[in-house]
Structure formats: C-alpha cells, structure tokens
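Encoded as structure tokens, the structure appears first; notes follow it.
As the structure lists them, so they are numbered: ligands from 1, and atoms in each ligand from 1.
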Amino acid sequence: MRQKLVAGNWKMNGSLAENEVLLDGVVAGTREFPGVICCAPYPYLFQMQEKLQGTHVAWGAQNLSQYERGAYTGEVSAAMLKDFGCSYVIIGHSERRAIFGETSMTVAEKFKAAQDAGLVPILCVGETLSEREAGATFAVVGEQLDAVAGFVGVSALEDAVLAYEPVWAIGTGKTATPQQAQDVHRHLRERVALMNSEVAGKVRILYGGSVKSSNAAELFAMPDIDGGLIGGASLVASDFCDICRAAA
Ligand code: PGA
C-alpha cells in the first residue's frame, strides 16, 4: 500500500499573519492523516519551521536552484531549504516551465540537486489543452518524465513523488475526471515499470488541478492516484483539511 500524500502549493500567496492562521488550522484539522505537506514561498520557510516542527505536518518549497552555491543572484539552493527543515520541494511546476522558461533539462538538474541534498522532489508533469486536443498527452508527460529518469536514473524515482497536473485544469475550476486522471497516472506508472517495476509499484503519483473537497474523494479512490497537489484550496484551512480527510 502506498501511503497517500496531500501537498498544498501555496504559490505566491500568504503573509506572516495569514500563514499563522492557516497553519494552526491545518495542524488541528489533519491529525488523523500523516501525509500532509505545505509548500510555502521562500521567505516563510522560517515560519514553517517554527510552527510545524514537532507536528505531523511536513513542509517544503516550490522551487530551488540547480546550482549548489555561488554567484547566482536571486537563487536559493537545496542546502538552504534543508537549513529551514524542508523535506520536500516542488520541481517543474507548469508555471515554472511556462512563465520562467524551465526546460525538461533544467527540471532534471533541479531534481538531482534536491535529491543530492536529501530533499524529496515533487516532480510535476502535465499537458496543455492544445496538446491534449492533439492527442499528445502521453507523449508530453512521457517526455517530461523520461528527461528526469534519463538524467538521474529510474531508481531515483523511488525516493521522489510525481504529480500529474494537466495545465488546463490548474486554477481553472476544470478538474480532470477521475477516469481522465487515472488514465494518465496509469500511463506514467507503466512507463516507470518499463524501466523498473519495483520502483513503479512504490512511486506516489499525485493528481493536481482544481482539486476541491467536493471532488477529492472520487479522484483519490482511483487505483493509481496516490493523493493530491492542491493550489487554491490549500489556502483555506477548512477546504484543505477536508481534502486531507478524503485521502485518509
Ligand atoms: P489549483 O493548482 O489546485 O489551484 O488548480 C494546483 C497546482 O498548480 O499545483
């Protein structure tokens, strides 16, 4: 049995005061579920560490530099995330690929930097609407997965989390149907199985894209969906806790 995970991706939202309330709500409202993760903007990682240390809630960042240290103005290294107690880091989110020009190669380098520092990468893959309509979904997510597996080796995926996030479902209110999501999750798992069946059985694959408390349970009931990566609904404690309960 794969332990389900529910990760909140706060994106560029929050403030010290808002986070205080949100984190209190998440800690209090998810006690029966061990797989909770909150991924905050960098400036709040100190606050995450202060508030979450000793609780059942893990925390992480939403990006990191592929470089170790040095003259990379504005960047944040994997070791710095470790310093603030992060266990996880989101890698290759579609917003980073589309808005900040991250290529599959950059994503692979970031994945490696995270693992080298002992962080668990949450590797995002997903197709745009036009790619889906062109019948290219499996090809697109396959390329995104293969780029990382080729760079770090398939066994590295065992200590990582995958997240399938169809770009057309992110922040749009349009969720993939449980069957649409399951089809892609199964494809990803089969693709990993072609390289290493043991890793394929173990790797968690989260679904992300307009997950809400009203649709979480039916998504999480699908055999290859091992939890969720939650954007908008992770900013409201009661909504996020309901989603976590749907995975418990
Ligand atoms: P959403 O975002 O839940 O707001 O659609 C998910 C994500 O981008 O990780």
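- Those atoms of ligand 1 with a heavy atom of G209 less than 4.0 angstrom away are 5 (O).
- Connection of F33 to F240 is established within a shared hydrophobic cluster, with ILVMFWY side chains joined at heavy-atom distances below 4.5 Å, either directly or through further cluster members.
- Remark: the E131 side chain and the T128 side chain contain an N/O donor-acceptor pair separated by less than 3.5 Å.
- Checked by atom type, the side-chain pair N63/K110 shows a donor-acceptor distance below 3.5 Å.
- When hydrogens are left out, the protein atom nearest atom 9 (O) of ligand 1 is E165 OE2, 2.6 Å; that is the closest non-hydrogen contact.
- Residue I170 touches ligand 1 through backbone and side chain together, judged by heavy-atom distances below 4.0 Å.
- By the 3.5 Å distance cut-off applied to N or O atoms, E95 is not counted among the residues near ligand 1.
- G171 counts as a contact of ligand 1, since one of its heavy atoms falls under 4.0 Å from the ligand.
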Do any side-chain atoms of residues 145-155 form donor-acceptor pairs under 3.5 angstrom with protein atoms, and if so which ones, sequence neighbours left out?
from	atom 1	to	atom 2	distance (Å)
D146	OD1	R191	NE	3.2
D146	OD2	R191	NE	3.4
D146	OD2	R191	NH2	2.8

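- Near H93, meaning under 4.0 Å from any of its heavy atoms, are these atoms of ligand 1: 7 (C), 8 (O), 9 (O).
- Checked by atom type and distance alone, the side chain of T30 pairs as donor or acceptor with a backbone atom of V26 at under 3.5 Å.
- The shortest separation from a heavy atom of S210 to ligand 1 is under 4.0 Å, placing the residue in contact.
- Among G228, G231, P166, the residue whose heavy atom lies closest to atom 6 (C) of ligand 1 is G231.
- Considering R204, R186, R189 as possible partners of D224, the one that fulfils the salt bridge (charged side-chain N to carboxylate O under 4.0 Å, His left out) test is R189.
- Under a 4.0 Å criterion applied to the non-hydrogen atoms of K11, ligand 1 contributes the atoms 2 (O), 7 (C), 8 (O).
- Between F46 and F84, the ring planes are perpendicular. Angles over 60° get that label, and only those under 30° would be called parallel.
- The shortest heavy-atom distance from A169 to ligand 1 is under 4.0 Å.
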Donor-acceptor pairs under 3.5 Å, side chain of residues 156-178 to any protein atom, not counting sequence neighbours: which ones?
from	atom 1	to	atom 2	distance (Å)
E158	OE2	K202	NZ	3.2
Y164	OH	E127	OE1	2.9
Y164	OH	E127	OE2	3.0
Y164	OH	R132	NH2	3.3
E165	OE1	H93	NE2	3.2
W168	NE1	E127	OE2	2.9
T172	OG1	W168	O	2.8
T172	OG1	A169	O	3.4
T172	OG1	K174	N	3.1
T175	OG1	S210	O	3.0
T175	OG1	N215	ND2	3.0
T177	OG1	Q180	N	2.9

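- The protein heavy-atom contact nearest to atom 4 (O) of ligand 1 is G232 N, 2.8 Å.
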